[in-house]
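In what follows, a structure is listed as structure tokens, so that the remarks can point back to it.
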Amino acid sequence: MNLQEAKQNLKEKGYCSFHLSEFENIDFNKFYKFRITEGFEKYMKAVRGDIFGQSHNTYEVDDYFDGNNFVKDCKDFEEATEYKTHFLNKYKKEDIFQFWFFYGSSFLTIENHYSKQFEPIVKYMYDLDDVIKLKHNPQLTMYDKGCLLKDHKDGYATGRLCVVLAYLNENYDESNGGNLILDNHLKVVPELGNIAIIDLDRFDVAHEVTEVTGDLKRYTALSFITLVGNE
């Protein structure tokens, strides 16, 4: 989508995607001041995993998991990977809703950087005055082989305006998996420069991240955005 098409699609359907280069007033290199380098995964020390509904009742409780969802802050990436391996081996694929890695607390600098970069994009897409303040809930996530997020909707009246996602991989191969699918229709390849926005105020957009099946690690900087005063 070009920028005008993206803005219209966000207004009419609640989601959009575009390339950052569409914004002529945004410095691409400044926006992507923080890039992903080899070995970056060692900082991904936390994991998130869920299984569908009451499926956990059919599995025995063990030392790793005692319910159908969990968030675990591990001592290092190796321990986090152990949790992933156990999770994917324990549960049937059809019961798994999601599994992915996310930042350790040391990455607020990176997350806060991207939150600031998102400000002019969100204000343009929503026609917000410069004086309006936005509250950010940023994350830095990583999906590697076996990670996924099944198709779902978040529900209405979340209190949040939208979520903005910026992809951080250079030369990403979409056959690796890890593509964002919006409204069972629009595929967004997680390639550097691609931006996606999902409205969380007026729409309830179905979205998923397809399973990563290759060896590339998929990185995303994202922020859940709320208008200050609407928290």
Side-chain angles (χ1 to χ4, degrees), residues 1-7 9-10 14-38 40-41 43-44 46 48 98 100-104 106-126 128 134-144 147-149 154 160-174 176-183 186-201 205 207-210 212 216-227:
M1 298 180 186
N2 64 39
L3 202 53
Q4 289 301 319
E5 291 171 339
K7 188 173 184 177
N9 209 74
L10 180 64
Y15 64 90
C16 67
S17 177
F18 52 88
H19 195 271
L20 185 64
S21 60
E22 288 284 325
F23 275 89
E24 296 180 357
N25 62 330
I26 293 180
D27 186 318
F28 191 93
N29 290 323
K30 180 180 178 181
F31 186 98
Y32 288 110
K33 174 182 176 181
F34 293 100
R35 301 284 185 95
I36 300 303
T37 56
E38 186 176 353
F40 194 85
E41 70 274 3
Y43 300 109
M44 299 291 104
R48 172 68 188 268
Q98 64 180 338
W100 36 273
F101 297 81
F102 62 102
Y103 65 96
S106 62
F107 277 91
L108 286 177
T109 299
I110 294 178
E111 292 158 343
N112 288 336
H113 166 78
Y114 283 110
S115 291
K116 290 179 181 179
Q117 302 305 312
F118 291 154
E119 290 254 347
I121 293 175
V122 173
K123 289 185 175 180
Y124 170 81
M125 299 300 283
Y126 280 92
L128 300 175
L134 305 178
K135 180 180 178 180
H136 293 264
N137 180 10
Q139 290 184 341
L140 184 66
T141 67
M142 188 272 284
Y143 287 59
D144 66 3
C147 292
L148 74 164
L149 172 62
D154 290 336
R160 298 173 295 189
L161 177 65
C162 65
V163 58
V164 184
L165 307 100
Y167 298 103
L168 306 181
N169 290 81
E170 298 184 75
N171 303 313
Y172 194 86
D173 183 351
E174 63 182 279
N176 187 69
N179 299 296
L180 174 68
I181 308 297
L182 296 171
D183 196 28
L186 177 65
K187 177 169 71 174
V188 183
V189 179
E191 168 70 25
L192 190 77
N194 286 344
I195 307 290
I197 301 178
I198 304 174
D199 183 274
L200 301 174
D201 181 35
V205 179
H207 54 283
E208 68 174 306
V209 176
T210 61
V212 175
L216 293 176
K217 294 175 171 60
R218 168 202 191 269
Y219 291 94
T220 309
L222 61 94
S223 186
F224 291 93
I225 296 174
T226 306
L227 296 177

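- Between Arg160 and Ile225, the closest side-chain pair of non-hydrogen atoms is not below 4.5 Å.
- For Tyr172 and Tyr167, the ring centers are positioned 6.0 Å apart or more.
- Contact of the Met125 side chain with the Cys16 side chain is registered, since non-hydrogen atoms from C-beta on lie closer than 4.5 Å.
- With a 4.5 Å cut-off on side-chain heavy atoms, Ile121 and Ile197 count as touching.
- For the pair Thr210 (side chain) and Asn179 (backbone), a donor-acceptor distance under 3.5 Å is present.
- When all heavy atoms of Ser115 and His136 are compared, the pair lying nearest together is O-CE1, 3.2 Å.
- In terms of modelled atom types and a separation under 3.5 Å, the side chain of Asn137 and the main chain of Phe224 share no donor-acceptor contact.
- Between the side chain of Tyr15 and the backbone N or O of Ala196, no donor-acceptor pair lies under 3.5 Å.
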key: Leu168 and Tyr114: CA distance, side-chain angles, deciding distance, side chain to side chain contact (heavy atoms under 4.5 Å, CB included) verdict   = CA-CA 11 Å; Leu168 306 181; Tyr114 283 110; 3.7 Å; yes
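- Between His207 and Asp154, the shortest heavy-atom contact is CE1-OD2, 3.4 Å.
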request  = Step by step, work out the side chain to side chain contact (heavy atoms under 4.5 Å, CB included) result for Tyr219 and Glu41.
outcome  = CA-CA 9 Å; Tyr219 291 94; Glu41 70 274 3; 3.4 Å; yes
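- Looking at Leu161 and Leu128, their side chains come closer than 4.5 Å, going by heavy atoms from C-beta outward.
- Atom CG of residue Asp201 and atom OH of residue Tyr126 lie 7.0 Å apart, to the nearest 0.5 angstrom.
- Side-chain atoms of Glu111 come within 3.5 Å of backbone N or O of Leu140 as a donor-acceptor pair.
- Of the possible polar contacts, one joining the Lys7 side chain to the Tyr124 backbone as a donor-acceptor pair under 3.5 Å is found.
- Judged by distance alone, with hydrogens and angles left aside, the side-chain atoms of Glu191 form a donor-acceptor pair with the main-chain N or O of Asn171 at under 3.5 Å.
- The minimum heavy-atom distance between Val163 and Leu222, with the atom names listed, is CG2-CD1, 4.2 Å.
- No donor-acceptor pair closer than 3.5 Å links the side chain of Asp199 to the backbone N or O of Cys162.
- The main-chain N or O of Phe31 is found under 3.5 Å from a side-chain atom of His113 such that the two form a donor-acceptor pair.
- Once rounded to the nearest 0.5 Å, the distance linking OG1 of Thr226 with CG of Leu134 reads 9.0 Å.
- Enclosure of atom NZ in Lys33 is not indicated, since only 12 or fewer non-hydrogen atoms of other residues, nucleotides or ligands lie within 6.0 angstrom.
- Between the Thr141 side chain and the Phe101 main chain, no donor and acceptor come within less than 3.5 Å of each other.
- Rounding to the nearest 0.5 Å gives a distance of 10.0 Å between CZ of Phe34 and CD of Gln117.
- Side chain of Glu174 to main chain of Val189: no donor-acceptor pair is present (N/O by atom type, distance under 3.5 Å, no hydrogens or angles).
- Note that CG of Asn2 is 5.5 Å distant from CD of Glu22, once rounded to the nearest 0.5 Å.
- Using a 4.5 Å cut-off on side-chain heavy atoms (C-beta onward), Pro120 and Asn25 make no contact.
- Across every non-hydrogen atom of Ser17 and Leu186, the tightest pair is CB-CD2, 4.0 Å.
- Across all non-hydrogen atoms, the minimal contact from Met1 to Ala6 is SD-CA, 3.7 Å.
- For Phe28 against Arg35, the heavy-atom pair with the smallest separation is CE2-NH2, 4.1 Å.
- Counting heavy atoms from C-beta outward, Tyr143 and Leu149 have side chains that approach closer than 4.5 Å.
- By the 4.5 Å heavy-atom criterion applied to side chains, Leu20 and Tyr32 are counted as neighbours.
- A distance of 11.0 Å separates OH in Tyr43 from CD1 in Ile36, rounded to the nearest 0.5 Å.
- For the pair Val188/Leu165, no side-chain contact is recorded, criterion being any heavy-atom separation below 4.5 Å from C-beta on.
- Annotation: the span from Phe18 atom CZ to Leu10 atom CG amounts to 9.0 Å, rounded to 0.5 Å.
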